[in-house]
Amino acid sequence: MADTSQATETFLAHRNLLFTVAYELLGSAADAEDTLQEAWLRWAAVDHGAVREPRPYLVRVVTRLALDRLRMLGRRKETYVGPWLPEPLLTAPDVAEDVELADSVSLAMLLVLETLTPIERAVFVLREVFDFGYDEIADAVGKSPTAVRQLAYRARTHVAARRPRGG
C-alpha cells in the first residue's frame, strides 16, 4: 500500500506538467485527460524501483501516448469535413488550480502546431515550450538526438513560416 501511495504522490507531483504536455500536443483537454489516465495506469503497473527519474519517465510515457492519440485522431479527422479547431481550455478559478499552462499556447499557435507532423509537434513543444534537452526529447519520442535536432529545426522552420510577420 505504501508503494501505491508513493506512486500516487509522485504522479500527482508531475500531473500539471504532464497535463500541459498532453494538452499542447493534442489541443483538447478531454484527450489530454484521457492520456493522463492511461499514463497513470502504466505508471501504477511499473516497477518504481527500476525508474531512476520519474519526471522524464512520465513525460516519455505521456508524449508517446499523445503521439499515438494524435495519429489515431489524424485518421479520424480525415473523414471530418469541417475545419479543425483546438478545444479552448477552461480557466475558471476551480479549474485553473489543476491546469498550469505557464505561457499558455494561443489558439493561433495551436492551429500552427496542427500543421506539423505528430513527431515534429512533440519535438517542438518539448523543446520550445518546456526547454527539454535533445537527449531527453530523443528518449521521449524514441529517436536519436541527431534526428531530434533535425526535427526541431524543421518544426521551427514550419512554425516560423506560418507565424504572422511584423508587429
Side-chain angles (χ1 to χ4, degrees), residues 1-76 86-92 94-106 109-110 113-114 116-152 155-156 159:
M1 189 64 166
D3 188 43
T4 303
S5 175
Q6 182 62 38
T8 302
E9 255 181 62
T10 301
F11 191 86
L12 289 176
H14 300 291
R15 189 184 188 290
N16 289 342
L17 169 67
L18 301 174
F19 178 87
T20 305
V21 168
Y23 175 75
E24 292 196 18
L25 289 174
L26 297 167
S28 162
D31 287 334
E33 285 294 344
D34 289 348
T35 300
L36 257 59
Q37 287 190 12
E38 179 65 28
W40 162 249
L41 293 174
R42 292 183 184 205
W43 175 247
V46 78
D47 174 13
H48 299 113
V51 177
R52 285 192 310 239
E53 294 186 46
R55 181 179 179 263
Y57 177 85
L58 289 167
V59 168
R60 180 177 67 231
V61 168
V62 167
T63 300
R64 289 184 180 179
L65 288 171
L67 283 172
D68 290 346
R69 187 171 287 270
L70 271 175
R71 289 181 187 110
M72 180 189 67
L73 292 172
R75 287 191 293 273
R76 276 196 205 150
E87 173 184 310
L89 188 59
L90 299 175
T91 56
D94 56 323
V95 176
E97 266 181 41
D98 295 21
V99 180
E100 181 180 305
L101 291 173
D103 292 314
S104 176
V105 174
S106 68
M109 186 59 167
L110 285 171
L113 289 176
E114 179 64 16
L116 301 175
T117 66
I119 194 78
E120 286 173 338
R121 188 174 186 171
V123 169
F124 182 84
V125 167
L126 291 174
R127 179 71 185 163
E128 301 301 319
V129 177
F130 296 104
D131 200 30
F132 275 66
Y134 291 111
D135 290 337
E136 283 181 292
I137 298 169
D139 189 39
V141 299
K143 301 275 185 194
S144 72
T146 304
V148 166
R149 285 179 193 277
Q150 183 60 40
L151 285 164
R156 278 192 303 273
V159 169

Quiz item: So how far is it from Leu126 CG to Leu151 CG, rounded to the nearest 0.5 Å?
Solution: 11.5 Å
Self-check item: Arg127 and Glu120 ion-paired at < 4.0 Å
Solution: no
Quiz item: Of all heavy-atom pairs between Glu24 and Val129, which one has the smallest distance, and what is that distance?
Solution: OE1-CG1, 3.2 Å
Exercise. Could you walk me through whether Leu25 and Leu67 pass the side chain to side chain contact (heavy atoms under 4.5 Å, CB included) test, one step at a time?
Key: CA-CA 8 Å; Leu25 289 174; Leu67 283 172; 5.5 Å; no
Quiz item: What residue pairs, at least two apart or across chains, pass salt bridge (Lys or Arg N to Asp or Glu O under 4.0 Å) with a residue in residues 50-59?
Solution: none
Quiz prompt | Min side-chain heavy-atom separation Glu33-Phe19 under 4.5 Å | solution = yes
Practice problem: Write down the atom of Val141, the atom of Ala122, and the distance for their closest heavy-atom approach. | Solution: CG1-CB, 4.1 Å
Practice problem: Enter the distance from Phe124:CZ to Ile137:CD1 here, rounded to the nearest 0.5 Å. | Solution: 11.0 Å
Self-check item: Residues in salt bridge (charged side-chain N to carboxylate O under 4.0 Å, His left out) contact with Arg60, at least two apart in sequence or another chain
Solution: Asp139
Quiz item: Where is the tightest heavy-atom contact between Leu26 and Ala66, given as atom of each residue plus distance?
Solution: CD2-O, 3.5 Å
Quiz item: Between Arg64 and Ala140, is there a donor-acceptor pair closer than 3.5 Å when you use the side chain of the first and the backbone of the second?
Solution: yes
Practice problem: Could you grab the distance from atom CD of Glu136 to atom CG of Asp131, nearest 0.5 Å is fine? | Solution: 9.5 Å
Exercise. Determine the minimum heavy-atom distance between Ala138 and Ser144, stating which atoms define it.
Key: CB-C, 3.8 Å
Quiz item: Less than 4.5 Å apart, any side-chain heavy atom of Tyr134 and any of Val123?
Solution: no
Quiz item: Rounded to the nearest 0.5 Å, what separation is found between the CG atom of Leu36 and the CG atom of Asp31?
Solution: 12.0 Å
Quiz item: With sequence neighbours excluded, what pairs up with Arg42 under the salt bridge (charged side-chain N to carboxylate O under 4.0 Å, His left out) test?
Solution: Glu38
Exercise. Taking Trp43 for its side chain and Ala7 for its backbone only, find out whether a donor-acceptor pair lies under 3.5 Å.
Key: yes
Quiz item: Which of parallel (below 30°), tilted (30 to 60°) and perpendicular (above 60°) describes Phe11 and Trp40?
Solution: perpendicular
Quiz item: Does the side chain of His48 reach to within under 4.5 Å of the side chain of Gln6, using non-hydrogen atoms?
Solution: no
Practice problem: Decide yes or no on side chain to side chain contact (heavy atoms under 4.5 Å, CB included) for Phe130 and Val59, but give the supporting numbers first. | Solution: CA-CA 11 Å; Phe130 296 104; Val59 168; over 6 Å; no
